[in-house]
2 protein chains.
Amino acid sequence: MAGHGGRGRSGGRPTLEEVAARAGVGRGTVSRVINGSPRVSDATRAAVEAAVAELGYVPNTAARALAANRTDAIALVVPESETRFFAEPYFSDMLRGVGAALSETEMQLLLIFAGSDRERRRLAQYLAAHRVDGVLLVSVHAHDPLPDLLGQLEIPAVISGPRSEHETLPSVDSDNYGGGRSAVEHLMARGRSTIATITGRLDVYGAQRRIEGYRDALLAAGREVDERLIVPGDFTEAGGRRAMTELLERCPHLDAVFAESDVMAAGARQVLREAGRRIPDDVALVGYDDSAIARHMDPPLTSVRQPIEEMGRAMLGLLLDEIADRRPAVSRGLERRQVVLPTELVARASS
Amino acid sequence: MAGHGGRGRSGGRPTLEEVAARAGVGRGTVSRVINGSPRVSDATRAAVEAAVAELGYVPNTAARALAANRTDAIALVVPESETRFFAEPYFSDMLRGVGAALSETEMQLLLIFAGSDRERRRLAQYLAAHRVDGVLLVSVHAHDPLPDLLGQLEIPAVISGPRSEHETLPSVDSDNYGGGRSAVEHLMARGRSTIATITGRLDVYGAQRRIEGYRDALLAAGREVDERLIVPGDFTEAGGRRAMTELLERCPHLDAVFAESDVMAAGARQVLREAGRRIPDDVALVGYDDSAIARHMDPPLTSVRQPIEEMGRAMLGLLLDEIADRRPAVSRGLERRQVVLPTELVARASS
DNA sequence: AGGTACCGTGGGAGCGCTCCCACAGGTGAT
DNA sequence: ATCACCTGTGGGAGCGCTCCCACGGTACCT
């Protein structure tokens with residue numbers, strides 16, 4: 001098994017040099033063929049490709065990374081614990097979108113969790129070593145230092161939701177404002193009069209935008225905004241339960257709830273059930289994300305769909321642009337670096 | 001070396017050579033300090049460490065990988081789609097265990113899905129390029145070619161469940177036989193007479209072992225094994241529903257079901273409910289995995305707990321041993337390369 | 001005819017590390 | 001004194017690639 005019949009060198013994998021010898025060309029030419037350079041004649045290309053196939057040549061990524069100063073890998077950084085990551089369908093959809101888009105390239109995706117301080121330090125070390133060409137940052141909170149760190153290290157990055165309206169990093173987001181607004185408009189159209197909302201974490205810009213949509217929808221309809229009907233949640237099921245309990249105490253007569261995530265809606269539903277409220281007869285419920293939870297809930301949950309997979313694809317697209325543009329140190333304008341994708345209300349039995 | 005005009009030393013990251021100059025020592029010495037070699041005097045070590053800190057030196061992984069022929073990365077390969085991965089709590093626990101154990105090392109974890117043929121080909125390419133030092137293989141089916149491929153490429157690997165009793169790869173598994181047996185013993189102790197089982201995929205060795213446990217428990221108690229009470233599932237909720245429907249048709253008088261995964265138990269529960277069977281009054285139900293699903297089910301599900309996180313840790317331990325032992329081409333015995341961890345029955349209201 | 005473009009091509013010079021050999025200086029036995 | 005043998009250290013020789021310059025050849029100008 002070891003001997004490679006005469007000309008076989010030691011057990012190792014074939015190198016560029018060996019492919020070159022086999023094809024009767026120079027090292028540079030093989031490199032050009034491998035990297036798809038157009039400056040190679042068809043005959044030569046064919047010869048090289050044959051040699052590559054015969055030898056089963058696979059480029060050595062370490063050597064390539066060293067010489068070319070790139071890694072052909074990007075990281076999806078999740079500033080959450082594994083547990084949260086798995087509990088939140090958002091992440092899995094995002095990962096699927098990125099994965100699908102990435103499979104059309106030669107790049108490798110790394111999934112990095114940075115929930116704890118310890119993991120954070122590890123990540124910082126990792127980034128300092130420039131082990132990836134770029135970073136996709138999802139679910140970043142307002143005062144997270146990560147984006148700045150990436151800036152200092154000059155690592156291309158794309159963020160999933162802007163941290164504020166002044167975001168400087170390229171970003172992809174869904175229309176949180178419009179989504180929030182459409183949820184409330186839907187509930188009003190259904191004849192609901194007292195519409196509460198369970199918000200996401202307030203340090204997430206997108207959550208803020210949903211609340212603004214909620215407010216504006218009410219105001220635009222000539223209604224007043226009752227601040228007691230706005231209760232902060234934290235995107236978890238437990239948080240949804242807590243907020244719903246609070247709401248029932250504050251306003252026992254409410255007849256609609258807009259939960260700014262499906263997971264929180266699930267929590268709210270439990271509390272409503274226990275309190276003897278029927279959905280949607282007594283209280284209409286609308287969620288956000290249109291995840292699997294929404295479809296499987298009893299009754300099925302009306303929810304605002306965000307095209308998460310598409311967002312993942314879009315993020316990757318932006319990142320690859322960033323990376324490509326950084327190579328020859330070109331700097332273009334900011335056009336198309338802030339992508340906003342539309343949301344869509346999916347009406348089901350809960351409202 | 002300085003005089004190659006134009007080559008901007010300024011912008012780049014510091015190199016070993018620069019640290020050496022700064023500390024007034026040779027390159028080799030810095031390398032020794034960085035890699036924790038004991039053959040360095042304390043004074044020299046201190047000087048080097050100071051220089052490293054001052055310059056903010058971070059080793060270049062690509063260069064290291066090229067020179068040392070290792071990558072300091074391992075892959076967790078999941079031969080499933082992302083969707084299945086997220087649906088199955090088993091994987092997330094496993095990932096958590098591996099991640100926790102890995103954070104004590106300098107190694108990097110890569111998560112690779114290989115559900116589709118396309119992803120498979122990509123993985124093969126990836127492995128051929130030796131971009132990882134080792135592979136953790138979870139949930140491998142009987143005739144999967146992956147283990148053989150790894151063998152050919154001489155990449156250290158550890159498998160989560162043996163493919164058969166003749167498994168040659170190092171593996172970590174829970175005591176599936178004992179777990180299956182204890183579930184049935186528990187049901188018998190509860191006075192159940194007609195105990196059915198919904199099995200896992202038959203091409204998974206662990207699932208086979210659970211069935212053997214089921215059989216032997218019955219036989220040991222002097223009962224007969226009724227083959228009609230053994231229905232194959234596939235570890236999914238839909239499969240659980242299907243199997244349960246089948247069981248109710250075949251044996252309407254059954255009074256206990258052992259589902260060989262919690263997810264399938266959840267499916268079975270739905271069917272039982274719809275058929276008007278009360279749990280546990282009419283039919284006792286036992287699951288396997290003791291995942292979050294079991295705790296949250298209504299009624300809470302009795303389940304066989306496997307220490308999945310520990311299994312993840314153990315797998316990583318074995319893999320690191322494999323990698324270390326391969327370096328100086330030593331080959332030891334096979335002791336301790338097949339780890340089996342105990343299971344534990346967690347009794348709840350469903351039985 | 002010479003000049004000026006370009007091709008396509010070969011191969012030198014690194015990229016930043018690790019590995020390993022050589023060697024200085026110290027120690028203890030003879 | 002000689003020898004052997006440590007320990008700590010410096011630096012050469014790669015690892016396998018990409019980048020880029022130089023070169024011979026063809027084509028199309030003057």
Side-chain angles (χ1 to χ4, degrees), chain A residues 9-48 52 55 57-72 106 128-131 133 327-328, chain B residues 1-9 11-48 51-52 55 57-72 106 128-131 133 327-328:
Chain A
R9 354 161 307 140
S10 44
R13 301 152 51 197
T15 69
L16 246 204
E17 195 98 41
E18 288 164 6
V19 174
R22 175 87 172 215
V25 301
R27 221 171 55 250
T29 302
V30 177
S31 177
R32 258 163 250 141
V33 172
I34 299 294
N35 293 292
S37 158
R39 316 173 135 281
V40 181
S41 72
D42 290 348
T44 309
R45 164 167 289 115
V48 170
V52 165
L55 262 36
Y57 171 73
V58 179
N60 179 321
T61 14
R64 175 178 281 176
L66 179 59
N69 197 32
R70 66 192 156 87
T71 63
D72 290 328
E106 296 284 82
H130 284 261
R131 294 183 65 169
D133 292 341
R327 297 238 221 269
Chain B
M1 42 201 155
H4 207 73
R7 175 165 303 290
R9 179 65 277 145
R13 300 155 48 197
T15 69
L16 247 205
E17 194 99 39
E18 287 164 6
V19 174
R22 176 86 171 212
V25 301
R27 223 173 51 251
T29 302
V30 178
S31 177
R32 257 163 252 143
V33 172
I34 300 294
N35 293 291
S37 158
R39 316 174 133 280
V40 181
S41 72
D42 290 348
T44 309
R45 163 167 291 116
V48 171
V52 165
L55 263 37
Y57 172 74
V58 179
N60 179 320
T61 14
R64 175 178 282 176
L66 178 59
N69 197 32
R70 67 193 155 88
T71 64
D72 292 327
E106 297 283 83
H130 285 260
R131 294 183 65 169
D133 292 341
R327 297 238 222 269

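A note on names: the letters A, B, ... follow the listed sequences, proteins ahead of strands, and every chain is numbered from 1. All figures in this text were calculated on a predicted structure; none of them were measured in a lab. Every heavy atom of this structure was used, including side-chain atoms; hydrogens, water molecules and symmetry mates were not.
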Could you go through nucleotides 10-12 of chain C and list every protein N or O atom that sits under 3.5 Å from one of its N or O atoms, giving the distance for each pair?
residue	atom	partner	partner atom	Å
dG10(C)	OP2	Gly26(A)	N	2.7
dG10(C)	OP2	Thr29(A)	OG1	2.6
dG10(C)	N7	Arg32(A)	NH2	3.4
dG10(C)	O6	Arg32(A)	NH2	3.0
dG12(C)	N7	Arg27(A)	NH2	3.2
dG12(C)	O6	Arg27(A)	NH2	2.5

- Task: Starting from P on dC17(C), measure out to CD1 on Ile34(B) and report it in whole angstrom.
- Result: 8 Å

- Check Thr71(A) against His130(A) and note the closest heavy-atom contact, atom names and distance. CG2-O, 3.6 Å

- Length of the CD-P vector between Glu18(B) and dG16(C), whole Å: 8 Å

- Spacing of Asn35(A) atom CG relative to dC17(D) atom C1', expressed in whole Å: 9 Å

- Message: Could you report the tightest heavy-atom contact between Thr15(B) and Tyr57(B), atom names first, then the distance?
- Response: C-CE1, 3.6 Å

- Query: Does a side-chain N or O from Asn69(B) land closer than 4.0 Å to OP1 or OP2 of dT18(C), or not?
  - Reply: no

For a quick test of your reading: what N or O donor-acceptor pairs under 3.5 Å do the side chains of residues 58-67 of chain B make, sequence neighbours left out?
residue	atom	partner	partner atom	Å
Asn60(B)	OD1	Ala62(B)	N	2.8
Asn60(B)	OD1	Ala63(B)	N	3.0

- Message: What's the closest nucleotide to the side chain of Ala67(B) if the choices are dG16(D), dT9(C), dT18(C)?
- Response: dT18(C)

- Task: For the residue pair Val52(B) and Ile34(B), establish whether any side-chain heavy-atom pair is separated by less than 4.5 Å.
- Result: yes

- Separation of Arg131(A) atom CZ from dG16(C) atom C1', in whole Å? 15 Å

- Message: As an exercise, state the distance from CZ of Arg45(A) to CG of Asp42(A), rounded to the nearest 0.5 Å.
- Response: 6.5 Å

Sub-3.5 Å pairs of nitrogen or oxygen atoms, protein against nucleotides 5-7 of chain D:
none

- Closest listed nucleotide, where the reference is the side chain of Ser31(B) and the choices are dT18(C), dC19(D), dC17(D): dT18(C)

- Could you give the CZ-to-C1' distance, from Arg13(B) to dC17(C), as a whole number of Å? 12 Å

- N or O in side chain of Thr15(A) less than 4.0 angstrom from dC15(D) OP1/OP2: no

- Note on the structure: With five pairs defining each end axis, the helix from dA1(C)-dT30(D) to dA29(C)-dT2(D) comes out bent, to 10°, by 50°

- Query: Quick one: Leu16(A) CG to dT9(C) P, roughly how many Å, whole number?
  - Reply: 15 Å

- Which atom of Thr29(B) lies closest to which atom of Val40(B), heavy atoms considered: CG2-CG1, 4.4 Å

- Nearest-Å distance for atom pair CZ/P, residues Arg70(A) and dC17(D): 13 Å

- Which whole-number value in Å describes the distance from Arg45(A) CZ to dT9(C) C1'? 13 Å

- Task: Apply salt bridge (Lys or Arg N to Asp or Glu O under 4.0 Å) to Arg32(B) and list each qualifying residue two or more places apart in sequence or on a separate chain.
- Result: none

Could you list, one pair per line, each protein nitrogen or oxygen that sits under 3.5 Å from a nitrogen or oxygen of nucleotides 25-27 of chain C, together with the distance?
none

- Query: Are any of Asn60(A)'s side-chain N or O atoms less than 4.0 Å away from OP1 or OP2 of dC15(D)?
  - Reply: no

